[in-house]
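Read the structure below first, then the notes.
Just so it is clear: chains get the letters A, B, ... in the order the sequence lines come, proteins before strands, and each one is counted from 1. Atom set for the values below is all heavy atoms of this structure, side chains included, hydrogens, waters and symmetry mates excluded.
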2 protein chains.
Amino acid sequence: MKHIRTNLSDADTRREAIVEAALLAFADAGFQATPVTAVAVRAGISQAYVFKLFPTKEELFIAAVERCFTRIEETLEKSARTVSSGDADAILYAMGDGYASLIADRSILMIQVHAQSASDVPAIRATMRGGLKRIVTYVKQRTGASDEAVQRFIAFGQLCHLITTTDIDELGEDWARLVARGIRHVPAI
Amino acid sequence: MKHIRTNLSDADTRREAIVEAALLAFADAGFQATPVTAVAVRAGISQAYVFKLFPTKEELFIAAVERCFTRIEETLEKSARTVSSGDADAILYAMGDGYASLIADRSILMIQVHAQSASDVPAIRATMRGGLKRIVTYVKQRTGASDEAVQRFIAFGQLCHLITTTDIDELGEDWARLVARGIRHVPAI
DNA sequence: ATGGTGAGTGAGTGACTACTCACTAGTCAG
DNA sequence: CTGACTAGTGAGTAGTCACTCACTCACCAT
């Protein structure tokens, strides 16, 4: 199939589109189980061209993870701006809400879970560490909350991931309600 | 290579050994990235025989995950027995310590992370849900702690996983200390 | 002896997939 | 017009891996 377009998009635009496609594709089945072809199809280009812009699958995945963390930072920042007072707990709460709605579509969440699982690859582990560092330092500095509160924020974020990957929020059983209690939800679109 | 042994072990013993080998093998690189051959080598038998006892790789992985949850339950129960008082918080604390030493060798922890990542496979997701259910109901019933305390217990368990997969406990930086603060460690053997 | 049975394997096979490469086609400066 | 450049692809290749199958060997009951 030929792509007929009057004005060709340049490589940087393509890179953006590919990273976006990779975020969605890798979120489905993870680093190992997602063929690069799946990313290419989503981006509407050939697999060969994906490899021209991202020399290895690993680099592509890492770009997607990096993008994921950037998106989280943006969301936290936006959430923080909605709070007029400087109250640490109020800002932290708003950030929690913001994160909850960000991960409503699952891909941002799943990429993190997959990256954690693939963290035996040194570069992926390093990316995870870097992303976590960015988020923790940003939350601490921006909210001014106590170390304990920030730690708790991260811990319950992880709990959120567990709840979503196992689908226990759709379960209705007692133990499931216990685990998911108070976790804020925005229903998937 | 021939296995010369006077008394052949029966299939059930072999199954045990294979599950144990699978736990270690899959912990290294996860469900997708670990070839069944790796499990066979660890168990000291041929790959063909692994497939005779576990018809698919998926069933093998699930057996390993199940075994992981069983091990966790045993550990929690043993920890609970060390507490003479019936104080909920004391038992929960002991369980936390027990879990921390259980995951010191990483394989029990990594299997969970990998299973979470592979939870787009329905049977694996179901196994995760089942394991979580067993643990949550056991902890709640055995400690008699509040729902909030049990939820917190699970959340900080997940935080533990994040800390270990990203190696941030060996980092020494401020943000890393914040995240890992108070998480109990038993140094790896 | 003989034939059945359970434990175990060597040697495939077919499918998939990361990555490569030689190539086409549009665009534009001179 | 030409030649360099950029965007993009079709058709591979080499390697890996889940799973299969025909087989061997030890043991045992008759």
Side-chain angles (χ1 to χ4, degrees), chain A residues 1-22 25-26 28-65 114 117-118 120-124, chain B residues 1-22 25-26 28-65 114-115 118 120-124:
Chain A
M1 179 178 52
K2 291 244 161 74
H3 275 275
I4 298 160
R5 38 177 80 236
T6 47
N7 53 346
L8 293 172
S9 48
D10 63 6
D12 282 345
T13 311
R14 281 301 191 188
R15 285 184 66 97
E16 285 301 299
I18 292 171
V19 171
E20 219 57 53
F26 283 124
D28 277 350
F31 175 54
Q32 304 283 351
T34 307
V36 174
T37 306
V39 177
V41 167
R42 250 178 219 273
I45 60 177
S46 73
Q47 184 233 36
Y49 194 46
V50 174
F51 274 106
K52 193 157 278 181
L53 298 184
F54 294 89
T56 65
K57 186 185 179 182
E58 191 179 309
E59 286 175 67
L60 177 57
F61 183 72
I62 285 174
V65 175
H114 293 313
S117 167
D120 57 300
V121 179
I124 295 178
Chain B
M1 181 178 50
K2 290 239 160 81
H3 274 275
I4 298 162
R5 38 177 79 236
T6 48
N7 53 346
L8 293 173
S9 48
D10 63 6
D12 282 344
T13 312
R14 283 300 192 190
R15 282 184 69 96
E16 285 301 299
I18 292 170
V19 171
E20 218 58 52
F26 283 125
D28 277 351
F31 176 53
Q32 304 282 353
T34 305
V36 174
T37 305
V39 177
V41 167
R42 249 178 221 272
I45 59 178
S46 73
Q47 185 233 35
Y49 194 46
V50 174
F51 274 107
K52 193 156 278 182
L53 298 183
F54 295 88
T56 64
K57 186 186 179 181
E58 191 179 309
E59 288 174 66
L60 178 56
F61 183 72
I62 285 174
V65 175
H114 292 313
D120 57 299
V121 178
I124 295 177

In this structure, how many angstroms lie between the P atom of C:dG6 and the CZ atom of B:R15, rounded?
16 Å
Does a nitrogen or oxygen in the side chain of B:R14 sit under 4.0 Å from OP1 or OP2 of C:dG8?
yes
Tell me the interatomic distance from A:E59, atom CD, to C:dC19, atom C1', rounded to whole angstroms.
13 Å
Under 4.0 Å protein heavy-atom contact, by nucleotide of nucleotides 16-21 of chain D - B base, S sugar-phosphate only
--BBBB
Closest of D:dT9, C:dG8, D:dA7 to the A:A11 side chain is D:dA7
Can you name the closest pair of heavy atoms from B:I62 and B:A123 and give their distance?
CD1-CB, 3.5 Å
Nearest non-hydrogen partners of B:A40 and B:V50, listed with the distance:
CB-CG2, 3.8 Å
B:D12 side chain to B:R15 backbone, donor-acceptor under 3.5 Å:
no
Spacing of B:Y49 atom OH relative to C:dG8 atom P, expressed in whole Å
4 Å
A:F54 has an atom CZ; how far is it from atom P of D:dA7, in whole Å?
14 Å
Is the closest side-chain heavy-atom distance between A:I124 and A:V65 below 4.5 Å?
no
Given atom CG of A:D12 and atom P of D:dT6, what is their separation to the nearest angstrom?
12 Å
Which of parallel (below 30°), tilted (30 to 60°) and perpendicular (above 60°) describes A:F61 and A:F31?
tilted
Sorted by first residue and then second, give each side-chain hydrogen bond (donor to acceptor under 3.5 Å, both in side chains) pair with at least one member in residues 29-43 of chain B; sequence neighbours left out.
B:D28-B:R42
Roughly how many Å is it from CD1 in B:I45 to P in C:dG8, rounded to a whole number?
7 Å
